[in-house]
Amino acid sequence: GSTSDAGPWSYQLNNPTGLAMDQQGFLYILDFTNDRIQRWWPGASFGTTVAATVMASPHSLKFDRLGNIVIADTNYHRVIRFAITCRK
């Protein structure tokens with residue numbers, strides 16, 4: 001991706017504030033100013049948006065025990081959880 005070219009395209013990040021890696025080796029990036037979470041394949045040159053919402057100063061990105069992404073959205077005083085996979 002591009003590190004010196006902030007913007008909304010899939011290869012651009014605008015103020016990334018959190019990183020996490022899943023068991024399959026995908027990298028998840030909390031792209032704060034673009035209000036999204038990008039998933040990157042190992043070795044990829046662009047990401048895919050897997051979740052998006054309005055956030056205010058999100059500073060942490062983790063996976064819970066069920067594989068959901070959990071974000072600490074500090075200025076809105078909330079925790080946001082996104083299910084990344086569909087379970088039966």
Side-chain angles (χ1 to χ4, degrees):
S2 177
T3 56
S4 61
D5 185 21
W9 299 104
S10 65
Y11 63 90
Q12 295 173 310
L13 300 171
N14 199 348
N15 197 12
T17 59
L19 296 171
M21 189 169 283
D22 69 10
Q23 295 176 347
Q24 291 77 32
F26 291 105
L27 178 65
Y28 291 81
I29 301 172
L30 177 56
D31 191 6
F32 165 28
T33 307
N34 285 326
D35 291 325
R36 66 185 180 182
I37 300 167
Q38 292 284 94
R39 177 174 61 195
W40 291 65
W41 289 85
S45 58
F46 62 90
T48 302
T49 301
V50 294
T53 188
V54 176
M55 296 178 272
S57 295
H59 289 289
S60 180
L61 171 72
K62 305 247 182 209
F63 285 97
D64 67 11
R65 63 181 179 83
L66 298 174
N68 300 312
I69 289 180
V70 180
I71 298 171
D73 191 4
T74 57
N75 281 359
Y76 283 150
H77 308 288
R78 65 182 179 170
V79 174
I80 307 169
R81 184 175 65 187
F82 296 100
I84 297 302
T85 60
C86 296
R87 291 182 171 65
K88 293 182 180 181

> Might you point out which heavy atoms bring I71 and P58 nearest each other, and give the distance in Å?
CG2-CB, 3.8 Å
> Taking the six-membered ring for Trp, are the ring centroids of F26 and W41 within less than 6.0 Å of each other?
yes
> Donor-acceptor pair, D35 side chain versus A52 backbone, under 3.5 Å?
no
> Under 3.5 Å, side chain of S57 to main-chain N/O of T74, donor-acceptor pair present?
no
> Heavy-atom count check: over 12 atoms from other residues, nucleotides or ligands less than 6.0 Å from Q24 CD?
yes
> Please say yes or no: joined through hydrophobic side-chain contacts below 4.5 Å, possibly via intermediate residues, are Y76 and M55 part of one cluster?
no
> Which atom pair, heavy atoms only, marks the closest approach of H59 to L30?
N-CD2, 4.3 Å
> Nearest 0.5 Å, please: how far is CG in N14 from CZ in F32?
9.5 Å
> Counting only heavy atoms not in R78, do more than 12 fall under 6.0 Å of its CZ?
yes
> In a check of side-chain contact (heavy atoms from CB on, under 4.5 Å) between I37 and each of T49, D31, T53, L61, which one passes?
L61
> Is there a path from F82 to V50 through hydrophobic residues (I, L, V, M, F, W, Y) whose side chains come within less than 4.5 Å of each other?
yes
> Could you walk me through whether F63 and I69 pass side chain to side chain contact (heavy atoms under 4.5 Å, CB included), step by step?
CA-CA 5 Å; F63 285 97; I69 289 180; 3.5 Å; yes
> CD1/I29 to CZ/R39 distance, rounded to the nearest 0.5 angstrom?
12.5 Å
> Find the distance between CZ (F46) and CH2 (W40) and round it off to the nearest 0.5 Å.
8.5 Å
> With rounding to the nearest 0.5 Å, note down the distance linking CG in N15 to CG in N34.
9.5 Å
> Is the backbone of A72 close enough, under 3.5 Å, to the side chain of S60 for a donor and an acceptor to pair up by distance?
no
> Which atom names give the shortest non-hydrogen contact between G25 and P42, and what distance separates them?
O-CG, 3.3 Å
